[in-house]
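Chain naming here is simple, since letters A, B, ... match the order of the sequence lines and numbering starts at 1 in each. Predicted model, so just to flag it, every value in this text is computed and none were measured.
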Protein chains: 2
Amino acid sequence: MSGCSINVFVVIFSLHDDALRVLLAPGPGSGWELPGQPLEASESLEACALRAFQEQVNRREVYLEQLYTYGGPQQIPGGRLVSVVYFALIPADAHRLPGGALRWFRVDELPPLLHDHSGIILYALRRLRYKLEYSAVGFELLPSEFTLSELQHTYEVILGEKLDKRNFRRRILEAGIIEETNRRRMHGEGRPARLYRYRLDAVAEVKARRLFP
Amino acid sequence: MSGCSINVFVVIFSLHDDALRVLLAPGPGSGWELPGQPLEASESLEACALRAFQEQVNRREVYLEQLYTYGGPQQIPGGRLVSVVYFALIPADAHRLPGGALRWFRVDELPPLLHDHSGIILYALRRLRYKLEYSAVGFELLPSEFTLSELQHTYEVILGEKLDKRNFRRRILEAGIIEETNRRRMHGEGRPARLYRYRLDAVAEVKARRLFP
DNA sequence: AGAATAGTGTCTCTCAGACATTATTTG
DNA sequence: CAAATAATGTCTGAGAGACACTATTCT
């Protein structure tokens with residue numbers, strides 16, 4: 001076998017303080033980089049990606065999808081480097097404060113990044129926005145029960161634009177991917193909002209639309 | 001560096017004899033498999049993919065896009081195996097008869113395949129059909145000048161359904177991705193058809209929509 | 001009562017799909 | 001002039017986007 005090494009990186013998105021954020025690790029030199037690690041001998045690519053942020057997340061289930069595999073002809077000491085990049089969405093209520101030196105950055109205020117990681121993040125963001133249009137991926141950033149206003153706000157933050165309240169609700173409800181609960185959220189001020197959850201079969205459908213497998 | 005090896009496979013589509021076909025190589029045992037080869041030390045993933053079918057194609061420019069990277073935890077003797085899979089489209093007039101033991105198979109009549117290659121082909125086909133809807137990828141299977149009937153026929157073969165002639169022409173022309181030439185195709189019988197070509201800036205646009213980079 | 005947020009319906013316009021006839025060439 | 005293929009336009013229904021007011025809770 002030729003001397004080669006594979007790194008798995010993850011673009012981890014989450015939503016807090018009214019902004020979409022990415023988790024980054026301090027790089028070896030001055031900049032930052034995506035969290036990642038070398039693929040170990042007997043684990044799958046996906047398992048390796050999960051390791052990259054298991055300490056950041058309380059929940060076991062997260063949305064994880066392969067993004068792209070980079071492998072230019074660059075030589076590194078000891079062999080060549082191939083990077084497999086995933087992207088992940090974790091719900092606002094499920095992540096811990098970053099441990100170690102990791103930090104959350106707003107996607108619109110990224111620090112200087114090593115390698116081509118800023119290009120990769122922009123690509124992941126493009127794909128997230130795109131998927132938001134045709135799949136139900138937005139729910140992956142919310143707790144399991146949420147109000148329609150919260151859901152709309154999630155969409156607005158990711159897309160970077162305001163949406164019409166009535167059209168948004170009509171579209172989401174007609175799509176049949178969420179269902180009412182009997183519960184409501186009281187936040188002290190204003191009329192309490194009904195809580196919704198995504199339907200279990202809708203979750204299955206979203207998984208079926210995943211790129212692969 | 002850990003002992004690991006990377007193979008690059010390509011799902012190569014082309015259109016002839018009224019059917020969408022895939023190029024396959026005889027496997028080590030009894031079944032067939034996708035053409036592919038180990039990644040060499042100082043080449044990019046894409047260059048390795050191009051090597052896989054450079055002898056099948058006259059033209060230098062082909063449509064090539066990364067599909068997915070597989071890397072289960074399976075052990076193979078001497079290390080683990082990661083497979084990067086691309087998919088390629090080559091125009092009907094640009095491919096040679098397969099050299100060596102390679103053969104073209106209709107996608108609806110695949111032979112027994114090794115590994116999970118039949119699943120990979122089905123996934124590539126799904127993606128091709130999907131891309132046909134929102135990008136101009138269909139032109140990549142035709143010669144540089146073509147009639148609208150030929151283009152429609154290409155779409156029909158890939159999608160596996162008949163399309164309405166007037167709606168098809170309206171949609172394609174309104175999309176502004178092709179332009180008339182002054183030439184016509186005479187085929188001895190019936191009224192000669194005007195030849196079209198895709199617009200150069202449309203080609204650029206399609207490239208911009210490519211997944212990455 | 002007032003402040004704050006939740007929730008609801010209509011109209012218009014654009015786009016997609018169904019559909020049949022005329023036009024041009026060859027033998 | 002018959003056979004073969006190319007080329008063309010209209011109608012209708014569904015879905016997307018613009019738009020403003022009422023309802024419920026808390027202090």
Side-chain angles (χ1 to χ4, degrees), chain A residues 15 17-18 92 129-136 138-139 142-143 145-198, chain B residues 15 17-18 92 129-136 138-139 142-143 145-198:
Chain A
L15 202 64
D17 302 322
D18 273 1
R129 284 179 174 150
Y130 186 68
K131 284 193 82 108
L132 210 57
E133 316 256 328
Y134 73 91
S135 83
F139 308 104
L142 286 171
E145 296 195 342
F146 49 85
T147 69
L148 290 181
S149 295
E150 289 164 350
L151 183 60
Q152 178 174 351
H153 187 240
T154 301
Y155 273 67
E156 287 174 342
V157 167
I158 295 176
L159 297 176
E161 58 182 319
K162 290 289 274 179
L163 302 173
D164 179 84
K165 192 198 244 189
R166 282 168 293 186
N167 292 338
F168 180 80
R169 289 160 113 91
R170 169 161 41 96
R171 275 219 313 271
I172 289 284
L173 292 174
E174 281 178 359
I177 48 188
I178 62 178
E179 61 188 3
E180 294 185 354
T181 67
N182 297 327
R183 298 161 48 76
R184 308 209 190 169
R185 171 152 304 158
M186 319 284 199
H187 32 29
E189 217 154 42
R191 172 174 170 179
R194 160 155 268 136
L195 286 166
Y196 288 79
R197 63 169 163 255
Y198 25 64
Chain B
L15 201 64
D17 301 323
D18 273 1
R129 285 180 173 148
Y130 185 68
K131 285 194 82 110
L132 211 57
E133 315 257 329
Y134 74 89
S135 83
F139 307 104
L142 286 171
E145 296 194 342
F146 48 85
T147 69
L148 290 181
S149 295
E150 289 165 349
L151 183 60
Q152 178 175 352
H153 187 238
T154 301
Y155 273 68
E156 288 175 341
V157 167
I158 296 175
L159 297 176
E161 57 181 318
K162 290 288 275 178
L163 302 173
D164 179 85
K165 191 195 239 187
R166 282 166 294 186
N167 293 338
F168 179 80
R169 290 160 111 92
R170 169 160 41 97
R171 275 219 314 270
I172 289 285
L173 292 174
E174 282 177 357
I177 47 189
I178 63 178
E179 61 189 4
E180 295 185 351
T181 67
N182 297 328
R183 299 161 48 77
R184 306 204 187 174
R185 170 152 305 156
M186 319 285 199
H187 32 30
E189 218 152 43
R191 173 172 169 179
R194 160 154 270 137
L195 286 166
Y196 289 78
R197 62 168 163 256
Y198 26 63

Take atom [atom1] of [X] and atom [atom2] of [N], then tell me their distance rounded to the nearest Å.
X        : N      : atom1 : atom2 : answer
B/Arg166 : C/dA20 : CZ    : P     : 8 Å
A/Lys162 : D/dA18 : NZ    : P     : 14 Å
A/Glu189 : D/dT24 : CD    : C1'   : 14 Å
A/Arg169 : C/dA6  : CZ    : P     : 7 Å
B/Arg170 : D/dA7  : CZ    : C1'   : 14 Å
A/Glu174 : C/dT8  : CD    : C1'   : 13 Å
B/Lys165 : C/dT22 : NZ    : P     : 15 Å
B/Phe168 : D/dT8  : CZ    : P     : 14 Å

Q: Walk me through it: do A/Tyr196 and A/Ile178 pass the test side-chain contact (heavy atoms from CB on, under 4.5 Å)?
A: CA-CA 6 Å; A/Tyr196 288 79; A/Ile178 62 178; 3.8 Å; yes

Q) Is the shortest side-chain N to carboxylate O distance from B/Arg185 to B/Glu145 below 4.0 Å? A)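 Here B/Arg185 does not pair with B/Glu145 in a salt bridge, since their nearest N and O are not under 4.0 Å apart.
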
(Q) OP1 or OP2 of D/dT22 versus the side-chain N and O atoms of A/Arg191: is any pair under 4.0 Å? (A)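 A/Arg191 to D/dT22 OP1/OP2: no side-chain N or O under 4.0 Å.
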
Q) Which residue, A/Gly190 or B/Leu195, contacts DNA chain D at a nucleotide closer to its 5' end, judged by nearest heavy atom? A)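 Nearest-nucleotide comparison on DNA chain D picks B/Leu195.
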
Q | Whichever of A/Asn167 and A/Met186 has its nearest DNA chain D nucleotide further upstream toward 5' | A |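 So the residue in question is A/Asn167.
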
Q. Is there a donor-acceptor pair under 3.5 Å between the side chain of B/Thr181 and the backbone N or O of B/Leu195?
A.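 Yes, B/Thr181 side chain to B/Leu195 backbone: donor-acceptor pair under 3.5 Å.
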
Which is true for [X] with a 4.0 Å heavy-atom rule: it touches a base, it touches only sugar-phosphate, or it touches nothing?
X        : result
A/Ser149 : sugar-phosphate
A/Arg184 : sugar-phosphate
A/Arg194 : sugar-phosphate

Q. Between B/Phe139 and B/Phe146, what is the ring plane arrangement, given parallel below 30°, perpendicular above 60°, and tilted in between?
A.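 Taking B/Phe146 first and then B/Phe139, their aromatic rings sit tilted (interplane angle of 30° to 60°).
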
Cut-off 3.5 Å, no hydrogens considered: what does the side-chain donor-acceptor table look like for residues 155-164 of chain B, sequence neighbours left out?
{"residue": "B/Glu156", "atom": "OE2", "partner": "B/Gln152", "partner atom": "NE2", "Å": "3.2"}
{"residue": "B/Glu156", "atom": "OE2", "partner": "B/Leu163", "partner atom": "N", "Å": "3.0"}
{"residue": "B/Asp164", "atom": "OD2", "partner": "B/Arg166", "partner atom": "N", "Å": "3.1"}
{"residue": "B/Asp164", "atom": "OD2", "partner": "B/Asn167", "partner atom": "N", "Å": "2.9"}
{"residue": "B/Asp164", "atom": "OD2", "partner": "B/Asn167", "partner atom": "ND2", "Å": "3.4"}

